Amino acid sequence: MDRNQLAKWLKSPVEMANKYSLHAVYFCTGCGIIEIPPVITARWDAERFGIKAVATPRQGNLFMITGYVSLKTLKAIIRTYEQMPDPKYTVAFGSCPINGGMYWDSYNTIKHLDKYIPIDGWIAGCMPRPEAVFIGVTHLWTLIDKGKADGYIRYSKNYASYRRNQEMLFGDLGWPPLYPSESPAEEARA
Amino acid sequence: MVTRIIHIVLSPLIALVVAVFLLGLSRIVIARIHRRYGPPIYQPIIDIIRLMNQQSISHGTLFELGVVLALAGSIVTVLFIPLGGTNAPPGSYPLAHGLLCPLSSSGGLLVVIYLMLFGPVSIALGAGASENPNASIGVSRKMLLALAYEVPFLLVILAIMSHYGTISIAEIVSRQQDSAWGVFSVPLSAVAAFLILPAMLGIRPFDLVGAPQEIASGPLAEYGGRYLALLTIQNGIQVFVVIALFVNLFLGGGVNVITFLLKVFAVFLAAELVSAVLPRVRIENALRFCWTWPTGLALAQMIITVVSR
Amino acid sequence: MLPTTILIVAFGSAGFVYLAGRVHARVRDTLAVLSSLVLVGLIGLGYGAWREVVYVPDFLGLELVLRLNLLAWFFAITVAAVVSLSTIFSLSYMRRKESANFHYSATLAVEGAMLGTVFAGDLLSFFIFWEIMSWSAYLLISCNRGRALEAGLKYIIMSLVGSCAMLIGLLAMYSGLGVLSIPLVAEGMQAASPGFVLLVLLTFGLGFGIKSAMVPLHTWLPDAHSEAASPFSAVLSGVLIKMGIYGFVLLMYVVVGLKLLLGVGAGWLTFRHILCWLGAITVVVPTFIAVLQSDAKRLLAWSSIGQIGYIILGLSFGTSLAFAGAIFHALNHALCKSLLFLAVGAVEHNTGGVRDLNDLGGLAKRMPVTFACALLAGLGLIGIPLTSGFVPKWLIYRSLIEDGYPFLALAALIGTWGAILYVYKLLHNIFLGQLPEKHREVRRAPLSMRIPILLLGLGILVFGVVPGIPLRAVQDIGHTFGLAQLKVTLWGLGSEAGALNMLNICLAVVIAFAAAFLLLRLGAKGRAVDQEDSYAAGSAVPVGRYHYTVDFYGPLSRMISPYLRDRADEFYYWLAARGREIADLTRKVYTGYAGTYVLYIVSFLAALIFLQLVWHIW
């Protein structure tokens with residue numbers, strides 16, 4: 001542990017713990033996942049930064065979407081995201097989640113992922129190399145430090161609009177809203 | 001009376017600290033064997049702080065009660081296990097002062113066998129309260145794995161109890177300190193117990209209960225936040241309890257807490273070394289393995305013990 | 001006169017309840033519950049007033065005696081309590097059922113017969129009440145028709161075999177000793193030859209073994225327990241099979257006596273050794289058969305056999321620790337198993353007769369009280385500390401280990417692990433996991449079902465935390481048989497090495513629970529979510545289409561089911577088939593053809609004439 005970090009630990013242990021214990025749920029939507037094994041195994045060893053893969057969203061706080069998002073997987077992504085407890089951070093990995101990438105003209109691929117769930121950080125590239133993942137992680141740390149990794153807060157604040165976008169795509173989502181709207185009037189306005 | 005209360009507070013605290021330390025140690029050791037650098041040793045503390053402050057979801061009262069009962073059961077089990085110290089008169093060993101075992105006179109090894117059930121059964125109940133299919137599968141595996149290792153484990157325990165003619169762990173420990181360690185007087189049992197140690201600790205090759213890649217960490221699939229934090233602590237204490245039992249039964253406990261803990265670390269490292277290089281087995285293989293070699297060895301030792309009495 | 005009054009009340013109310021049922025259902029219900037409660041009260045009053053009553057002074061030159069002592073009282077109060085709770089339970093269960101009249105009156109008759117059996121002061125009245133018990137239980141088992149009829153037939157045939165064996169023993173005793181009053185018989189046995197003692201042990205042991213369902217005489221039990229109506233299953237499993245245990249106690253500790261018993265047999269082949277190994281087999285094999293069952297009541301039935309094994313194991317040792325464990329476990333099993341049968345009955349009642357474990361699930365939220373008590377009873381069967389199951393099992397294990405029988409102890413401990421497997425399967429598949437679509441509308445059990453379940457659950461908890469209450473009675477019983485006195489305290493046992501103190505364990509658990517709870521409260525608050533909201537790789541868990549607990553222990557069942565065939569049952573069926581074939585052969589004599597009959601007559605006459613000519617008999 002760095003000596004200059006000790007003060008930070010004493011000042012705000014919760015934020016520091018959030019930073020250094022990123023338990024990641026990798027949503028293996030496309031080819032991007034191929035870069036994750038080198039990240040977490042012997043060559044680059046993400047565990048030294050406290051990053052660990054977990055199996056269910058209930059246990060994690062980092063949501064990595066690796067690869068293109070088709071219409072069908074988007075539904076699963078939304079549900080998994082909503083099942084993850086706060087605070088949680090979302091990182092989209094590769095060019096496909098950013099703007100569709102090489103599937104820019106596909107009828108079935110989502111081009112604007114942040115219309116449906118809030119994204120805290122993007123890692124560009126096709127594929128991004130493992131080094132890029134670590135640069136992304138250090139950027140995420142900075143964001144957490146500055147309090148700007150606030151995707152989950154934005155999601156709860158603008159839930160009505162996110163939900164509307166989701167429902168425009170799917171019709172009925174099949175599960176009740178995560179944040180029930182405050183008043184019927186607001187619902188009507190939405 | 002005052003020393004007793006101090007002991008009652010002290011032994012769970014020791015267990016807690018050592019448990020968290022063991023969890024960190026195991027992550028480093030495995031990382032180094034995999035030629036990784038590994039996390040810092042205090043990583044489990046960071047994880048627990050993070051989990052305690054993360055929001056969680058709950059599926060109802062039983063879901064929460066399962067976690068609390070599991071942790072309570074593990075803490076109670078610690079009270080029945082001697083954590084070093086000796087009953088020998090003061091001055092015969094350096095640094096030794098009384099046995100650190102607050103409830104040594106309440107039922108002995110038989111109670112410990114039962115109390116060690118408390119944790120798994122409570123987690124199983126809590127996991128059952130969620131509707132997650134993976135939890136059901138994981139619990140079924142846990143029950144069968146417990147049956148698999150419990151057959152040789154009971155044989156081992158019975159061989160020791162009939163070898164020393166007592167059911168009190170404290171007495172078994174003091175008898176070992178007076179003469180040879182259990183690993184020399186009941187060697188086959190010691191080997192059998194070591195073979196099933198990974199299964200009792202729930203580490204590879206027997207980590208099929210919470211297999212993350214197959215069944216999304218099984219019984220823990222729905223647990224997050226503070227519940228997962230408590231279950232992490234519970235898992236650590238359970239690991240400590242199993243290894244402390246092994247040390248008490250085969251390595252003569254410890255004349256004081258420090259030697260005892262050193263022995264615990266040694267046994268834990270040995271078990272981790274086995275675990276780090278082996279792949280996961282299926283539940284059928286686990287049953288078959290536990291019921292052949294460890295059971296055979298333990299049975300042989302028990303027959304020897306009974307005949308030579 | 002108390003024992004006589006009790007029996008008169010029991011049998012009298014059996015008759016009156018039937019008549020009242022003809023008048024109005026509500027009158028019948030009130031009368032049945034009242035009389036069963038009065039019986040509990042009467043027996044409770046009888047504590048300490050030990051006496052003997054001659055109720056028939058001269059029956060073929062014999063006095064028929066009823067006697068009340070601590071042993072009889074202990075069993076009688078258990079019987080009366082369980083039967084009265086089962087009767088209260090029947091109020092909802094039996095409502096609008098055709099056979100309700102018969103059910104109530106026959107249950108009371110069974111209770112009377114069981115009370116008569118334990119109060120009997122001589123072996124003849126013991127036998128008479130025993131037979132009444134067997135027959136009325138037969139009528140109740142086969143009450144449901146269909147498969148129940150077959151189960152009842154199996155039960156009564158095996159019971160009759162046992163009764164015949166007992167009758168042989170009884171006649172041998174009468175012709176050998178000339179008396180049947182229990183104290184006089186016990187005196188006479190001390191001077192009897194070892195062969196005679198063995199004959200008595202074997203004949204009576206056969207009868208008691210069949211009633212208490214000891215392996216290999218157990219085959220009637222799984223069918224009978226699962227086919228009977230649930231409230232009666234509770235009586236059957238809770239107390240009726242305990243009559244076999246009472247018989248064993250009477251036979252081994254009173255009639256034959258401890259000193260004589262330990263001397264029967266030679267070398268390793270003693271009665272005691274055979275009995276304790278039979279007990280060990282009774283623990284292990286049925287327990288693992290129970291693990292593989294998928295019918296809730298059948299699972300419980302097999303588990304009953306397994307738990308009886310512990311009692312027999314404890315009884316066969318003849319040490320005060322083991323004896324105390326056995327009798328205490330009889331009480332514990334009566335509480336736990338009747339609770340579990342009642343709970344399964346409540347589930348059956350609420351879901352419209354479903355008791356297939358693959359068809360239920362998730363009912364804990366719909367029936368919380370039933371679930372909590374069933375959980376307690378399950379833990380009691382396993383023997384978790386702070387339930388009434390812990391102390392008896394601890395006593396049995398400890399005496400097995402300290403007397404130097406580690407292999408028997410292994411059987412007992414493995415039986416406990418099997419118990420964990422089947423108890424968890426039962427609770428999980430009924431109350432936990434996914435709630436099937438068709439059971440969404442299930443409501444909680446009616447009050448008359450919850451009260452008995454709650455009371456039994458309370459009993460399990462109280463006797464678990466304060467084991468001194470029953471232990472004192474049990475060790476007084478043992479003391480009258482000449483067993484060494486135990487140092488019983490209110491919280492457990494106070495002997496020097498390996499003592500047991502439930503207060504310590506209880507306090508430790510409470511404090512640890514509080515600590516763990518505080519730790520949980522330190523964390524960030526949780527958000528309550530619906531049970532359906534669970535992680536299944538991003539999609540919804542399909543409801544109603546799958547059941548994840550079907551074949552819960554599949555890998556184990558694939559491994560061990562080839563070895564777990566019920567060979568005893570197969571043997572009896574083989575025997576029955578051979579018997580039928582022989583009977584079939586004799587039937588062939590009657591061909592239905594007049595010529596054959598003429599031939600028979602002519603050849604018979606020819607034989608007579610031949611006899612007369614050769615030997616000049618007449």
Side-chain angles (χ1 to χ4, degrees), chain B residues 52-60 62 64 67-69 71-72 75-76 79 103 105-108 110-111 114-115 117-118 121 124-125 128-133 136-137 139-140 143-144 147 150-151 154-155 158-159 161-162 166-168 216 221-222 225-226 229-230 283-284 287 302 306 309, chain C residues 362 364-365 375 382-385 390 394 397-398 401-402 404 406 409-410 413-414 417 420-421 424 428 432-435 497-501 504-505 508-509 512-513 515-517 519-520 522-529 531-537 541 546 548-549 552-553 555-556 558-559:
Chain B
M52 286 300 266
N53 290 290
Q54 197 175 15
Q55 208 197 28
S56 53
I57 58 105
S58 154
H59 281 294
L62 188 64
E64 298 167 20
V67 177
V68 178
L69 278 178
L71 184 59
I75 293 174
V76 171
L79 298 179
L103 296 180
S105 67
S106 297
L110 287 175
V111 176
Y114 265 115
L115 285 174
L117 294 175
F118 232 94
V121 170
L125 284 173
S130 73
E131 206 170 84
N132 201 312
S136 285
I137 299 169
V139 167
S140 156
M143 292 288 171
L144 292 183
L147 182 72
E150 207 66 27
V151 172
L154 292 173
L155 276 165
L158 287 168
M161 286 195 283
S162 38
T166 174
I167 61 166
S168 151
E222 286 295 299
R226 54 176 175 171
L230 258 63
I283 182 68
E284 285 96 335
L287 282 166
M302 192 149 116
V306 170
R309 255 160 72 97
Chain C
K365 288 208 170 148
L375 177 63
I382 298 170
I384 295 263
F390 173 66
W394 187 86
Y397 300 145
R398 197 183 142 192
I401 291 165
E402 296 201 335
L410 179 73
L413 282 164
I414 286 181
W417 270 96
I420 294 170
L421 292 189
Y424 190 77
H428 183 93
L432 303 175
Q434 203 172 34
L435 183 67
L500 184 69
N501 191 339
N504 279 350
I505 299 180
V509 167
F513 184 84
F517 188 70
L519 208 58
L520 187 73
L522 278 180
K525 271 225 159 155
R527 177 169 59 92
V529 298
Q531 220 191 2
E532 278 166 51
D533 181 11
S534 67
Y535 176 67
V541 180
Y546 299 106
Y548 301 96
T549 49
F552 197 55
Y553 297 127
L556 179 73
R558 281 195 288 282
M559 275 184 79

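Naming convention: chains lettered A, B, ... in sequence-line order (proteins, then strands); numbering from 1 in each chain. Since the model is a prediction, treat every value here as computed from it, not as a measurement.
The CG atom of B:Leu144 lies 6.5 Å from the CG atom of C:Leu421; values are rounded to the nearest 0.5 Å. Rounded to the nearest 0.5 Å, atoms CG (C:Leu522) and CZ (B:Arg226) are 10.0 Å apart. The CD1 atom of B:Ile137 sits 9.5 Å away from the CZ atom of C:Phe552 when rounded to the nearest 0.5 Å. Taking OG from B:Ser56 and CG from C:Leu520, the interatomic distance works out to 8.0 Å, rounded to the nearest 0.5 Å. Rounding to the nearest 0.5 Å gives a distance of 9.5 Å between CG of B:Asn132 and OH of C:Tyr535.
Taking B:Ile75, B:Leu147, B:Asn53 one by one and counting their heavy-atom pairs under 4.5 Å with chain C, the maximum is reached by B:Leu147. Interface summary for chain B: among C:Phe513, C:Tyr397, C:Tyr424, the most heavy-atom pairs under 4.5 angstrom belong to C:Tyr424.
For the pair B:Glu150 (side chain) and C:Ile414 (backbone), a donor-acceptor distance under 3.5 Å is absent.
Shown here for B:Leu158 and C:Pro406, the closest heavy-atom pair between the two residues is CD1-O, 3.5 Å. The two residues B:Ala72 and C:Ala512 have their closest heavy-atom pair at O-CB, 3.6 Å. Heavy atoms only, all atoms of each residue included: B:Val76 and C:Ala508 are closest at CG2-O, 3.5 Å. Minimum interatomic distance between B:Glu284 and C:Met559 (heavy atoms only, all atoms of both residues): O-SD, 4.3 Å. Scanning all heavy atoms of the two residues, the minimum distance from B:Ser136 to C:His428 falls at OG-NE2, 3.1 Å.
Screening C:Trp394, C:Trp417, C:Phe390 for a ring-ring contact (aromatic ring centres under 6.0 Å, His included) involving B:Tyr114 leaves a single residue, C:Phe390.
Contact annotation for B:Glu222: only side-chain heavy atoms (C-beta onward) come within less than 4.5 Å of a heavy atom of chain C. Contacts between B:Ala124 and chain C at a heavy-atom distance below 4.5 Å involve backbone atoms as well as side-chain atoms. Only the side chain of B:Leu117 comes within contact range of chain C, judged by heavy atoms closer than 4.5 Å. Contacts of B:Leu155 with chain C are made by both backbone and side-chain atoms, with heavy-atom separations under 4.5 Å. Heavy-atom distances place both the backbone and the side chain of B:Ile57 under 4.5 Å from chain C. Of the atoms belonging to B:Leu125, heavy atoms from both backbone and side chain fall under 4.5 Å from chain C. Heavy atoms closer than 4.5 Å to chain B are found nowhere in C:Ala364, neither backbone nor side chain.
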Does the pair B:Val139 and C:Leu432 meet the rule for a side-chain contact (heavy atoms from CB on, under 4.5 Å), with working shown? CA-CA 12 Å; B:Val139 167; C:Leu432 303 175; over 6 Å; no
Pair B:Val121, C:Ile382 - check side-chain contact (heavy atoms from CB on, under 4.5 Å), show working. CA-CA 11 Å; B:Val121 170; C:Ile382 298 170; 5.6 Å; no
